[in-house]
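In what follows, every chain begins at residue 1, and chains take the letters A, B, ... in the order their sequences are listed. Excluded from the calculations below are hydrogen atoms, water molecules and symmetry mates; all remaining heavy atoms, backbone and side chain alike, are included.
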Amino acid sequence: MIINHPLLGPRDAAEFVYLGDASLIDRPDWQDKNADEKFYEYGYLRENPAGKHQELWYHEQGDRSWLVLTRDTLTHEITKVEMARDVARARGRSK
Amino acid sequence: MPEFTLISAPPLAGYDQSFDGVTLSAPADLAIVSIALPLGGEAAAENAISAAYGAALPAPGKSVLSKDGKARLVRLSPDAAFVIFTHATPDVEPHVAARLKGDAYTTDQTDVWTGLEIAGPRARTALERICPLDISPQTFVEGDAARTIMEHLGVLIIRTGDDGFLLLSASSSAKSFLHAVETSIHNTA
Amino acid sequence: MRYSAFKIFTQGLTGNKGWKPVWREPDPKPEYEVVIIGGGGHGLSTAYYLAKEYGITNVAVLEKGWLGSGNIGRNTTIIRSNYMLPGNEPFYEFSMKLWENLEQDFNYNAMISQRSILNLVHSDAQRDAFIRRGNAMFLAGADAEYADADQLRRELPFLDFDNARFPIKGGLYQRRGGTVRHDAVAWGYARGADSRGVDIIQNCEVTGFDIQNGTCRGVETSRGPIRAKKIAVCVAGSSGRVMAKAGMRLPIESHVLQAFVSEGLKPVLPGVITFGAGHFYVSQSDKGGLVFGGDIDGYNTYAQRGNLPVVEDVAEGGMAIMPIIGRARLLRSWGGVMDMSMDGSPFIDKTHIGGLYFNGGWCYGGFKATPASGFCYAHLLARDTPHPVATEMRLDRFRRGHLIDEKGQGNQPNLH
Amino acid sequence: MTQPNRIEGGQVDRSKEVKFTFNGKNMRGYAGDTLASALLANGQRLVGRSFKYHRPRGILTCGSEEPNALVQLRSGAHQEPNTRATVTELFDGLTATSQNHRGSLEHDLMAVTDLLAPFLSAGFYYKTFMWPKAFWEKLYEPMIRKSAGLGSLSMQDDPDSYDKGFLHCDLLVIGAGPAGLSAALAAGRSGARVILADEDFTPGGRLNAETLEIDGMGGADWAAQALAELAAMDNVRVMTRTTVYGAYDHGIYGALERCTDHLASSDGKPRQILWRIYSKRAVLAAGSTERPIAFGNNDRPGIMLAGAVRAYVNRFGVTPGQQVAVFTNNDDGWRTAADLAAKGVEVTNIIDTRDAPAVCDVPGARHIRNAAVMDTVGRKGLKSVTLTSGQVIPADCLAVSGGWNPNVHLTCHQRGRPEWRDDISAFVPGRDLPVGMAVAGAANGAMTLAAALTEGRDVANAQIKDLGFTASRKTAPKAEDEPRDCAPMWHVGESKNRAWVDQQNDVTVKDIKQSYREGFRSVEHLKRYTTLGMATDQGKTANIPALAIMAECTGKSIPETGTTIFRPPYTPIPLGALGGRARGKDFRPYRLTPSHDWASKNGATFVEVGNWLRAQWYARPGEQGWRDSVDREVVMTRNSVGICDVTTLGKIDIQGKDAADFLNVVYANAFGKLPVGKVRYGLMLREDGICYDDGTTARMGENHFVMTTTTANAVLVFRRMEFVRQCLCPDMDVHLISTTDGWAQFAVAGPNARNLLRKVVDEDHDISNEAFPFMACGEVTVCGGTPARLFRISFSGELAYEIAVPARYGNAMIEVLMKAGEEFDAVPYGTEALGVMRIEKGHAAGNELNGQTTALNLGLGGMVSAKKDCIGKTLAQRPEMNRDDAIRLVGFRPVDRSLKLIAGSHFINQDEEAVMANDQGWMTSVAYSPSLGHSIGLGFIKSGHERMGEIVRAVSPIHDTEMDVEIVSAHFIDPEGERLRA
């Protein structure tokens, strides 16, 4: 596969390491009253869709950035590549 | 006079070989300092870099020479860069830190890396065997810099001339790295 | 029709024209006692054991494609019971014992070949972990043997002992491990289930569940609605897709595992050899092909195909440990979609929806589990309690914190 | 020896005679021959035996689809099984032997299986060999295995080397036949970067095999001219002997270049190169493959595909027979007759299944309409054919044409399904092609030369226009549309004798019918049940006819019956090539510590730790084994001072205003209040609450920390920390960079550690116990100004430091330390002694931090700070992970102190049976403690902390042994920690 890095252009996916669903960005608050349940869902339950999937890749043999890819799990077509840091901020992870 | 002295012995020190159409050598006294741009302080850091080196920090994937031509600024990612220059003694980080006046975080990377300069008309043909990146003259232009993986080793490749490249890889695996590049030259001879 | 050498002889004399279909091609009935979704190895063995062991024959197996088209038809055929943890090992040893009597049990030669499986050891820490595992196998009634490097050098002289990057220091054998002709397992179970009255319905895709008030009463299919008292999902590889139709999220990701076979060769390998440090395992089929594989590609996918980096990684491992295979040729590669679970271990459980049962999360251990998975799932369906060797394969184990993590990799499916 | 079947013409170089042997027989051919053409030239029709029935077989095709003519090439360690003679380039000194026979090729004892064929029909083995049970493993299976497989491996290491490489292009053109050449010319002229790859050694595809004309010149000449034009373009790379074997995601193709297979020796250069080609667009111009017609005894040597017969005549100047008959259902078969006749080869009959007039005039040949071949005679070489009418025609070669199938293989590699086209009675590429791929020429169903040329150009132009290039205006080369009518016939129903569909695996029409009868009706069932298409040719000539025969059985159309898709590789690829350079010690890079050279000169034995090599122990003369060395290293370190290279521990430089807060997130324990100049032990959890890694982190400045990780987890910890930094805490000002390789770091441990260091650290740095107490850290200089970092930390339990200098001084530093330590009898110690000392101290390492254990299990539960969040905090609180009887890390010693503990043994309570239900835990690490004089161990056991003094059984059934062990504190030495604070 080729991942079109937003800053560096197309790179072989072999330079990257895969983590999983981009929902891993949405780490719950440890002081939430349902923290146990929320962390269980965060840690263990996955949509695992057959189709578009937002997912985290790390450019380990590159610029060390985490990326959020939107990739189709049926065709492997990648329709969007974003810097995970930007996505995390957009999802409200700024402190 | 101290009782003991330490002799510097970088892994590939003094390596310099010519092959048919390719030269391969380990540059002497290559110094590398990483620069991290503080969050929220990016502009100040970039200004400090410009002021110190007479050249603006380029975009990720690019490098530029300083105004005096003695240092190369390589932008690795949005908040990280290397400055590469020639310096023999192990005191480069304070030098760079001083030049940047505290506007950026600096870490000595000199001994983390080992460098190989490969040049000559057959340099690209040799690199074709290990480098997954498109380094054709029109695609990977002078000054372009990229980290990638060659023969299971992380490598920072910088195009430094028409057919010249500086390759940086981890110093602990320097011998394996040299072997990989030499094998490529041998296999394409 | 009972199979035997005599049958082959009489059929041969009459031009092989008297063979009967191995299974019927029935139309679905409107209602069954049990509907099993998925006509792969586990679904068919579930049907077989439901009928044979638990006397439940009013059963349909619904298969989207052709029977046996799931991972039973695309694996590397290895059977073994060399697990470590109490949640796994008794189950896989139960499976091994079922394998050992399977052919006589269902009168079909699946070419079960207990040629041994060997896990190579390359470090002291690995040796300690393998000894721990070998001892756990003994405690569960299985067999294990630790071989030192000298013994291996005698037995497998073609491995790279002298020039290896990661020297071979020994290995953990399970002599009862081996290989099976994988397709034949599906066919044998299908034949056995069909002959006991189970309807195997091919080309019948489940498109939805009929769930009312928290109870599942049937399924919608491409061949119309089918009602059932119990609906047993058994579609590893597609679990995410199918259970999404019931509104469930699972502790599972779908990943592709590539597998490879070489051109046919005269005998090279005595048994199965795994080279964990190099992501490579290999055996030789009865037809002579080297059957081998390595790691999953590592990204979520439902596409039954993989990519080059893993192909090369696997071959690198093979050449590193066994440089005699350099001039053998890769004939075919393919990919199977795996249910990779959050701790690398499977599920055989009820769901929170009444009447809806789930079997999945087999990672790449599904094939060897086929008999026990079917047996235990049938037990659960018939008795509504887990089979004694499958008590820990529960969906709620992560909520409780009871992990069955053989490799110690944590809640990241692609690391198991 | 003469070449009886060599005729005039062709592209072979008659000035270069080439000697070779087949089954030891000396033969000659010419440069430009394939092994197959040379064998035919020498009159060698019988070349092999089939898989199951050991039927005598010859050469069927002239390409990579060959099912029969497989040989063992070369000898000794170079032996190469299952090599297709049809694509093997002849070289001087080539040796080939036939495969799969017992006794000689001519008199194969295993041919008896052919007589038993009625009892060996499809799937027979699934129905027998079950009784008696024990016989399967002992008798039946060994017998089956022995007869399985065709060729043999030499069982020696592959003596050749291989390489890999990476190429990039705008347009990859696969196949250099007419369509491919036309495509490459068009794209090349536009300025796009083009790679043209072809599996043959002479590009041109069918043009080399035909007598067709292009632009008024011979097809082969036109191809040569086109190649010359392409070769002159800087932007075009022509790769011959290169098979594009697989189409992968996003325009990545795998290709195999055979560099030295046509030479007697590789001469130290890679035999083959595995290329990964990154293309923006691709044109598949892979041509088409002729299909046979199945009829009784259609597998005899001398029965060949018609297109192949004509290729041997036209390209190689070899006639496969002296008396040739043609059997065809289409116009193309007639070309063979015409071309042969034009070369003076006797063509006796053209048997056409169609009731249609002659396609062209073939002098001397009789046209038999509406007829078919039903059977043949000639066990080891064709003698005659029998028509459905009963007529017998003498022939030593039958050229069969059943029509042509587009080579859609690569279009299926991403699971695209071909579609049926009635007008050409063949499958063509479907709509779901790999992204970026277009198909041109015969591969796309454009079955005439003119159409292929035009389509090649048009498709290439469309592809490069997409990329922003301007297409050249040059028109496509001109050629005629040759006649291509085809009336499908898949098998001759009148045949009574077995008619082969898959010749290599011996699958006949009857087997397919039986498969249908038994319910194996889907294409996949058919393949799996009969093994059709599973042989080395991947069914290139068999799959479609088989599908058609199955369709006949089911009464459905071919597309309704199914399609068959292909998987990579297109043709088989040597594993050596896929492995590339990863052989022996080159499998993975080596990481060497800075003191490696010194260590190797001083008796070190090294051990692989990940990619690192670490000194395991340093042997001294007179020592009888590793235990002697290790015991000495431990004793001398504990008595005076020892030095260990610990460079391999991961080092991460952490800077930023939020660095302390960041550490609070990644570590379970708190770091916010760690003073500058101090080090703290840190415990890292995974998010699932399991312990992940541990190490020390030093605060070098207010906003500057230096973290160490375990050797094994250095990369993984860095990755996870970047995840936290970018994805969880995107607005923290914190920056990470690895400095693992930058610092040579040595542990200096033992009562004399300070005394030794005092001699090395420059005097202006006070390292007295008061100024530099346990857990202090700081920047110092050594040996007269060399910058260094000093940490007062201890893994051994002794007074100890770790001193780090820039890696370039590492080798010099250990020499200095040893020199300075001479007066204290300083010893270097390796990882074994390190391990012994940490077990003596009860420190957890990899065997305990194995990814399955919690802080509670390790006795570190108290470290998880209650006051702050951290990775893993919440999930670590789950009930089953906090059971009262959870396993705890404790120490063990054998009740009989002379016994040696065994790591990996399991604990069973006294008086309980050794079964899994009674498993209490396991021994993780053991060592002989020279300090205590007996074996000691660490292990996890249920409620271990409450069971001190209890005696349990440590069982190791795998060693057939057990012993009683006592549960003790894990801190075997200096439990109060007085030494390390000294």
Heavy-atom distances under 4.5 Å only: say whether Val68(A) touches chain D with side chain, backbone, both or neither. neither
When the 4.5 angstrom heavy-atom criterion is applied to Arg276(D) and chain A, the contacting part is side chain
Between Phe16(A) and Trp57(A), how do the two ring planes meet: parallel, tilted or perpendicular, split at 30° and 60°? perpendicular
Which portion of Phe166(D) sits near chain A, non-hydrogen atoms under 4.5 angstrom: neither
Residue part contacting chain A, namely of Ile252(D), when any heavy atom lies under 4.5 Å: side chain
Which region of Leu24(A), side chain (C-beta onward) or backbone (N, CA, C, O), has a non-hydrogen atom less than 4.5 Å from a non-hydrogen atom of chain D, or is it both or neither? both
Which bit of Ser65(A) comes within less than 4.5 Å of chain D, counting heavy atoms only: side chain, backbone, both or neither? both
Give a yes or no on whether a salt bridge exists between Glu687(D) and Arg27(A), defined as a side-chain N under 4.0 angstrom from a carboxylate O. yes
Which bit of Phe723(D) is near chain A, if near means a heavy-atom gap under 4.5 Å: side chain, backbone, both or neither? both
Start with the C-alpha distance between Asp731(D) and Arg725(D), add both sets of side-chain angles, then the distance that settles salt bridge (Lys or Arg N to Asp or Glu O under 4.0 Å), and finish with yes or no. CA-CA 8 Å; Asp731(D) 282 334; Arg725(D) 186 178 88 95; over 6 Å; no
Under a 4.5 Å heavy-atom cut-off, does chain A meet the side chain of Ile737(D), its backbone, both or neither? neither
State whether Asp170(D) and Lys280(D) are salt-bridged, where the test is any N-O pair (Lys NZ or Arg NE/NH1/NH2 against Asp/Glu carboxylate O) under 4.0 Å. yes
Less than 4.0 angstrom from a charged side-chain N to a carboxylate O is my criterion; do Asp466(D) and Arg281(D) meet it? yes
Under 4.5 Å, counting heavy-atom pairs only, tell me which of Tyr40(A), Tyr58(A), Tyr44(A), Trp66(A) racks up the most with chain D. Trp66(A)
Can you tell which part of Glu77(A) gets under 4.5 Å to a heavy atom of chain D, answering side chain, backbone, both or neither? backbone
Taking atom types as modelled, is there a side-chain donor on Asp693(D) or Thr709(D) under 3.5 Å from an acceptor on the other? no
Is the ring pair Phe671(D)/Tyr667(D) parallel, tilted or perpendicular, if the boundaries are 30 and 60 degrees? parallel
In terms of heavy-atom proximity below 4.5 Å to chain D, should Phe39(A) be classed as side chain, backbone, both, or neither? both
Can we say Asp72(A) and Lys52(A) salt-bridge, meaning some charged N sits less than 4.0 Å from an Asp/Glu carboxylate O? no
Go through Gln877(D), Lys868(D), Arg415(D), Lys873(D) and name the one with the most non-hydrogen pairs under 4.5 angstrom from chain A. Lys868(D)
